[in-house]
Amino acid sequence: MIEIATSPTTTTLVIAGELDLQERDQFPGIAARVVGLRRQLLVIDMCRVTFMDSTGAAFLISLADSGAKRGGATVIRGADERDLFVLEVCGAMDLFRIDNEHRCEPATPATGFHVVTPRMIAADRVDRRAM
């Protein structure tokens, strides 16, 4: 799921779930809306991204490239190291500013149960191997 929020100077994309080949059909419409808004700053919030492949990276790169052509900037916040690695392998890190100060809100719904994501499971496996 991708939500778009705007202010007079900023467009913010909040991405939740997978950003991959399976989601590619929605990318052109979202890109058209973002480009049409013509804001100088695009903030891509990746706090809730559970997986990104090269298709998702290409989508983000196209957004950043469109903004740069208009003299704008694209900031990524909340991306994990794996997602940043995908962008780095694509040779696109220079298109983005990385917000290292942003802290994602906890993924705990009102029920009090903690939402477990694939990233958390993978991290737990790594932690257990270290024991």
Side-chain angles (χ1 to χ4, degrees):
M1 176 179 71
I2 300 176
E3 295 179 4
I4 301 173
T6 62
S7 75
T9 59
T10 305
T11 298
T12 303
L13 289 184
V14 179
I15 305 170
E18 296 180 357
L19 193 60
D20 61 4
L21 183 64
Q22 188 173 350
E23 302 299 320
R24 77 172 183 257
D25 291 343
Q26 67 178 323
F27 295 165
I30 292 168
R33 287 182 60 200
V34 169
V35 170
L37 291 168
R38 297 193 153 306
R39 301 301 196 268
Q40 284 300 106
L41 180 63
L42 172 62
V43 176
I44 301 172
D45 185 315
M46 297 183 63
C47 290
R48 303 271 190 255
V49 172
T50 56
F51 175 77
M52 181 176 75
D53 68 5
S54 59
T55 307
F59 168 62
L60 298 183
I61 291 165
S62 70
L63 292 174
D65 188 51
S66 294
K69 287 178 180 174
R70 292 189 325 273
T74 302
V75 175
I76 291 181
R77 69 180 184 201
D80 72 12
E81 301 221 1
R82 186 188 50 80
D83 295 331
L84 295 176
F85 177 74
V86 173
L87 292 170
E88 185 177 346
V89 167
C90 293
M93 288 303 291
D94 59 333
L95 291 172
F96 302 96
R97 296 179 189 170
I98 307 302
D99 179 353
N100 293 316
E101 303 296 316
H102 178 76
R103 298 292 174 248
C104 303
E105 293 180 23
T108 305
T111 62
F113 291 98
H114 189 71
V115 176
V116 177
T117 65
R119 287 182 189 176
M120 292 174 178
I121 294 168
D124 184 52
R125 288 181 186 147
V126 170
D127 289 343
R128 288 180 188 203
R129 284 187 224 146
M131 292 180 178

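For clarity, every value in this text was computed on a predicted model and none was experimentally measured.
Rounded to the nearest 0.5 Å, atoms CE (M1) and CG (L19) are 13.0 Å apart. Here I44 contributes atom CD1 and L13 contributes atom CG; the two are 6.0 Å apart, rounded to the nearest 0.5 Å. With rounding to the nearest 0.5 angstrom, the CG atom of D94 is 11.0 Å from the CD atom of E88. The line from CD1 of I15 to OG1 of T50 is 11.0 Å long, rounded to the nearest 0.5 Å.
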Between side-chain atoms of residues 25-38 and protein atoms elsewhere (two or more places apart, or another chain), which donor-acceptor pairs fall under 3.5 Å?
from: Q26; atom 1: NE2; to: E23; atom 2: OE1; distance (Å): 3.0

Show me the side-chain donor-acceptor pairs of residues 51-72 shorter than 3.5 Å, one per line, residues at least two apart or across chains.
from: D53; atom 1: OD1; to: T55; atom 2: N; distance (Å): 2.9
from: D53; atom 1: OD1; to: G56; atom 2: N; distance (Å): 3.0
from: D53; atom 1: OD2; to: L21; atom 2: N; distance (Å): 3.1
from: S62; atom 1: OG; to: F59; atom 2: O; distance (Å): 2.7
from: D65; atom 1: OD2; to: K69; atom 2: NZ; distance (Å): 3.3
from: S66; atom 1: OG; to: S62; atom 2: O; distance (Å): 3.0
from: R70; atom 1: NH1; to: S66; atom 2: O; distance (Å): 3.3
from: R70; atom 1: NH2; to: R39; atom 2: O; distance (Å): 3.3

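V89 and M46 fall into different hydrophobic clusters, where Ile, Leu, Val, Met, Phe, Trp and Tyr side chains are chained together by heavy-atom contacts under 4.5 Å. Cluster membership for L84 and V86, using ILVMFWY side-chain heavy atoms within less than 4.5 angstrom, is shared. Hydrophobic clustering, with ILVMFWY side chains joined whenever heavy atoms are under 4.5 angstrom apart, keeps V14 apart from I4.
Listed by chain and number, the hydrophobic cluster partners of V43 are L41, V75, where partners are ILVMFWY side chains within reach of under 4.5 Å, directly or through others.
Here the side chains of D83 and I76 are not in contact, with every heavy-atom distance at 4.5 Å or above.
Residue pairs meeting the ring pair (Phe, Tyr, Trp, His ring centres under 6.0 Å) criterion with at least one partner in residues 2-26, sequence neighbours excluded, do not occur; the list is empty. Identified under the ring pair (Phe, Tyr, Trp, His ring centres under 6.0 Å) test for residues 62-96, with sequence neighbours left out: none.
Checked against side-chain hydrogen bond (donor to acceptor under 3.5 Å, both in side chains), D45 has the following partners two or more places apart in sequence or in another chain: R77.
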